[in-house]
Structure formats: structure tokens, C-alpha cells
Number of protein chains: 2
Amino acid sequence: MARRSEHSLEEIRTMVLNAAEAIVINEGYSALTVRRIAREIGYTVGSIYMVFNNMADLVMHIKARTLDDIAVQLQQVQDCAPGQCIAELARIYLSYASHNFNQWNMVFVQDAEIPEWYQEKVDHVFSRVEAQFAKLAPQCSAQQSKQAARVLWSGVHGICILSLLGKRDVAGIKDVENDILLLVECFIGGWVGSLLSGKEQ
Amino acid sequence: MARRSEHSLEEIRTMVLNAAEAIVINEGYSALTVRRIAREIGYTVGSIYMVFNNMADLVMHIKARTLDDIAVQLQQVQDCAPGQCIAELARIYLSYASHNFNQWNMVFVQDAEIPEWYQEKVDHVFSRVEAQFAKLAPQCSAQQSKQAARVLWSGVHGICILSLLGKRDVAGIKDVENDILLLVECFIGGWVGSLLSGKEQ
DNA sequence: ACCTGAACACCGTTCAAGT
DNA sequence: ACCTGAACACCGTTCAAGT
């Protein structure tokens, strides 16, 4: 057939990305294949390699979209008392993960190598939490509040991972939310406490 | 060829499992294929389906071995003050994960359905931590200490996941260990604190 | 009864050939 | 220049046929 210039390369790239994302949303990561995407956009497999290096490259760009989505969601949390703010950020994160499970879950399938622009997006998700830890204890170093943010957020993420792979019904999500709030409250309580009693180096 | 009864089905099953585990250890989960296992044990693909239902079934049994390994490691931790004991359990868990990364990482690739016997093995890994939380606060309900154990351990796991996917050198592991100890200490501190101040329901 | 190996319906990726 | 589609080297799974 060889249709000429019906779409620009940029347009095809977007069509591929949109189709791929839709497949992931509706049927999960395992349903995503080049042939399937090609069929969906009305091109053949070869065309997809005009706009992405390979499957891994394409997948990385879908994941990037998801990270951007998450960052936008977290950005919308109102600024208030740091402890409450962090709890709210955690709630939003869980909410995103449970409502967009297939996309969220895909973000954490590891890749051979992570490009820098992608790592920056991951870091950006953390930035909001870091800022709150800095507010929580202005006396401590940036390094300490960064560590606290990374540690707590990894913990929140761990609960999401282990819990959402099982029960994903409404009652289940409520349990997960309780777990996350327990982690957030205890961690912050313990962290602030250890700073006050001077246990930190 | 059709060699007759050179090995019993039970023997073949063990050979398959051993070969599969070796492939995962040396080359990672992605290198594991039926054809590769068959070649390794000197049988053909069909034979593997005599002793396992399918790839997913085989994978689940490799994962079960890993969970058993982890449980054994955790069982060997000396009983001492609960807080110290939990920290040591976390250290051992990280140590296992970093030294047996390919096996450990495979445990958490989700399956369509998790059989009951497998879930019991997962729960068993948690049991040691639960017992320590019960010792830490004898006044609170079994449900509360179970929740605390699940929450903290999910958190520890989350740090392992997000950290080990990146840096896995010796210096990196030391950083991860510091992160985990911070989580454990702050969480326990905050948890005990909230119990004392009567903030729990 | 045990085991083979060809067959089937898939993958991702490449690239000569067509328009 | 853009796009095709056949070809290649893989997958997991099945099952008639051989010993």
C-alpha cells in the first residue's frame, strides 16, 4: 500500500503512544505487543520502528507519561501542616495507583538501563514530599530531609505494591489506606522524636 | 529416542527445578525458557510438561523455594530486645535480597492467581516480625501488632525494591542499610510513642 | 508408560522491495 | 521518503507418533 505522508512522523508517534497506553489501561502490560499497536493504528509493524528505537524505548515513554500524571496529581495537594500534607500526598499516591493500576504497576518493571531524563521524572515525584520534610524540621540538613522523604516514600510504595497486587476492591483499598496512614504517622512521629532527643548524628 | 525410565518423574521434576533455579541465579528471570531448561537437563520440551502444568506453575515453585530460603535466614536471627531484633531481621532481609537479587526480584513479579499454599509461605516470612511487635507492646491486640508488622515490612521491602533496582555495589548497599534502619527506628519509635500517648483507638 | 519432536500460534526486530 | 510485509530467530504449549 505504502500510503504517503498521510500523517507526519510526529503524528504517528503520538498515535502509537496513545494506542499503546490504551491497551495497557484496558488489558494490562502483558497485552502490549508491536503487532497489536500496529493493527490498532492501521499501520504495519515496521512503521513503529520509524518512531521508536524498540519496544523498550516505547515502554519507557509510556511510563514517562504515567510519572508525569502522578506528579500532576501530587502537585494539586494543598499546602498545609507538613505532617498532614505528607499524609495527603500518600493518600493521593495510593488513589492514583489503585485507580490506574495497570499504568502504575508498569512503571516499576525494571529496565536494563534508565536514561537520565527518565530518572529526573522519578525524582520529581519525590520532590513534593522532600519539601514537606524540610518544613517539618528546618534545623536539619537537606541531605537528612531528602533521606527521610525517600525512605518514607519507598515505604508507602512498598505497601502499595504488596497490597494492591492482592485485594483491589473498595474495602481492600480502605485497609491499605489505613496501613499507609499508620506508616506515615509513626514514621514522622519517630523521626521528629529522634531529632528532638538528639539521637541523630 | 524415548529413553525409558532413566529417571523417575520425581527425579525429572527436581532436575527441572534445579536447572531453572540455576538459570535464574546466573542469568536472571528473562533468560528462563522451557527450551533452555530442556536443553540443560538433556530432555525435550515435552518432558517438562509431564512434571509441571506450565511455565507459570514452574515459576511459582521456584519462587516458593526462594521464600523458604528467606524464611530460614530470618529464623536464624537471635532473639533479643524486640527493636534490635526487628532491625536485625530487616538487615538480613536486605542482605538476602542483594546477594540473591535475581531470585528475590522474581518473587515479586505478580501472577494471575496465587495458590493458598504459596500465600502461606509469604505469610510465614512475616511471622517472625509479627512476634517481635507482639513482644514490643503486649498491651495491644494481635490485630494491631500484625498490622504494624505488615506495614513496616512492606516499607522495608519498598526500600529494597526501589534501591536495589539501581545501585547494587557494596557502597550502595550500605546506603540502603542506613535507609532501612532509619525506617525501622523511626517507625518503631513512633508506633510505641503513639501507643503510650493513647492516640490509638 | 515415557518421551520425542514437529506443529501451531504467537513474539520483537530487520530490511529489501514497492510506491 | 515513507511504508510494507516477508523473513528471521525466537517464545509457550500441544499431541500424534515412536519405542
Side-chain angles (χ1 to χ4, degrees), chain A residues 1-24 26-63 102 106 109-113 115, chain B residues 1-24 26-63 102 106 109-113 115:
Chain A
M1 208 187 291
R3 63 178 97 182
R4 274 198 262 97
S5 307
E6 216 173 272
H7 302 96
S8 70
L9 286 186
E10 204 52 56
E11 281 173 325
I12 294 178
R13 201 182 148 90
T14 307
M15 288 163 66
V16 169
L17 227 39
N18 288 341
E21 193 171 49
I23 294 166
V24 170
N26 295 318
E27 296 165 55
Y29 180 38
S30 64
L32 189 69
T33 67
V34 225
R35 284 171 166 86
R36 176 71 192 282
I37 297 167
R39 205 199 323 148
E40 217 82 52
I41 65 168
Y43 279 78
T44 58
V45 277
S47 308
I48 296 183
Y49 291 86
M50 303 188 321
V51 289
F52 289 102
N53 295 333
N54 48 44
M55 235 353 205
D57 182 29
L58 165 52
V59 163
M60 180 126 295
H61 281 87
I62 304 175
K63 287 162 63 170
N102 284 340
M106 188 179 159
V109 298
Q110 71 178 318
D111 298 275
E113 52 192 303
Chain B
M1 208 186 287
R3 61 179 97 183
R4 275 199 260 100
S5 308
E6 216 174 274
H7 301 95
S8 70
L9 286 185
E10 204 51 56
E11 282 173 326
I12 293 177
R13 201 182 148 89
T14 306
M15 287 162 66
V16 169
L17 226 40
N18 288 341
E21 194 172 48
I23 293 166
V24 170
N26 296 318
E27 296 165 54
Y29 181 37
S30 65
L32 189 69
T33 68
V34 226
R35 284 171 167 85
R36 175 71 192 281
I37 298 168
R39 205 198 325 145
E40 218 80 52
I41 64 169
Y43 278 79
T44 59
V45 276
S47 310
I48 294 181
Y49 290 87
M50 304 189 318
V51 289
F52 288 102
N53 295 332
N54 48 44
M55 237 351 210
D57 182 30
L58 165 52
V59 163
M60 180 125 297
H61 281 86
I62 304 176
K63 287 161 64 171
N102 285 341
M106 186 179 162
V109 298
Q110 72 178 319
D111 298 275
E113 52 191 306

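A, B, ... follow the sequence lines: proteins, then strands. Residue 1 opens every chain. If you're wondering where the values come from, they're calculated on a predicted model, not measured in any experiment. We use all heavy atoms of the structure for the numbers below, so side chains are in, but hydrogens, waters and symmetry mates are not.
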Separation of D:dC3 atom C1' from A:His7 atom NE2, nearest Å, is 13 Å
When rounded to whole Å, the OH to C1' distance for the pair A:Tyr43 and D:dC3 reads 8 Å
Got a sec, which residues hit side chain to side chain contact (heavy atoms under 4.5 Å, CB included) with A:Arg36, two or more places apart in sequence or on another chain?
A:Ile23, A:Glu27, A:Thr33, A:Arg39, A:Glu40
Let me confirm one number: the CD1-OH distance from B:Ile62 to B:Tyr29, rounded to the nearest 0.5 Å.
8.0 Å
Which residues pass the side chain to side chain contact (heavy atoms under 4.5 Å, CB included) test with A:Ser8, not counting sequence neighbours?
A:Glu10, A:Glu11
For DNA chain D, the dot-bracket pattern of Watson-Crick and G-U pairs whose distances stay under 3.5 Å, | for other-strand partners
||.|||||...|||||.||
Quick one, B:Met55 with B:Leu32, criterion side chain to side chain contact (heavy atoms under 4.5 Å, CB included). Give me CA distance, side-chain angles, the key distance, then yes/no.
CA-CA 9 Å; B:Met55 237 351 210; B:Leu32 189 69; 3.9 Å; yes
Any side-chain N or O of A:Ser47 under 4.0 Å from OP1/OP2 of D:dC2?
no
Quick one: A:Phe52 CZ to D:dC3 C1', roughly how many Å, whole number?
17 Å
Can you tell me the distance, in whole Å, between the CE atom of B:Met15 and the P atom of C:dC2?
15 Å
Check the distance between C:dT4's C1' and B:Glu6's CD and give it to me in whole angstrom.
14 Å
Contacts of B:Glu113 that satisfy side chain to side chain contact (heavy atoms under 4.5 Å, CB included) - sequence neighbours left out
none
Looking at B:Asn102 and B:Gly28, what are the two nearest heavy atoms and their distance?
ND2-N, 3.5 Å
Using the side chain to side chain contact (heavy atoms under 4.5 Å, CB included) criterion, which residues pair with A:Asn18? Sequence neighbours excluded.
A:Thr14, A:Arg65
How close or far is atom C1' of D:dC2 from atom CG of A:Leu9, stated in whole angstroms?
8 Å
Could you tell me which non-hydrogen atom of A:Leu17 sits nearest to which non-hydrogen atom of A:His61, and how far apart they are?
CD1-CB, 4.0 Å
How long is the line joining CD1 of A:Ile12 and P of D:dA1, in whole Å?
16 Å
Which atom pairs link the protein and nucleotides 12-14 of chain D when you take only N or O atoms and keep those under 3.5 Å?
residue: D:dG12; atom: OP2; partner: B:Val34; partner atom: N; Å: 3.2
residue: D:dG12; atom: N7; partner: B:Arg35; partner atom: NH1; Å: 2.4
residue: D:dG12; atom: O6; partner: B:Arg35; partner atom: NH2; Å: 2.9
residue: D:dT13; atom: OP2; partner: B:Tyr49; partner atom: OH; Å: 2.6
residue: D:dT13; atom: OP2; partner: B:Met55; partner atom: N; Å: 2.8
residue: D:dT13; atom: O5'; partner: B:Tyr49; partner atom: OH; Å: 3.2

Minimum side-chain heavy-atom gap A:Val34-A:Tyr49 below 4.5 Å
yes
Protein-nucleotide distance (B:Ile48, atom CD1; D:dC15, atom C1'), rounded to Å
16 Å
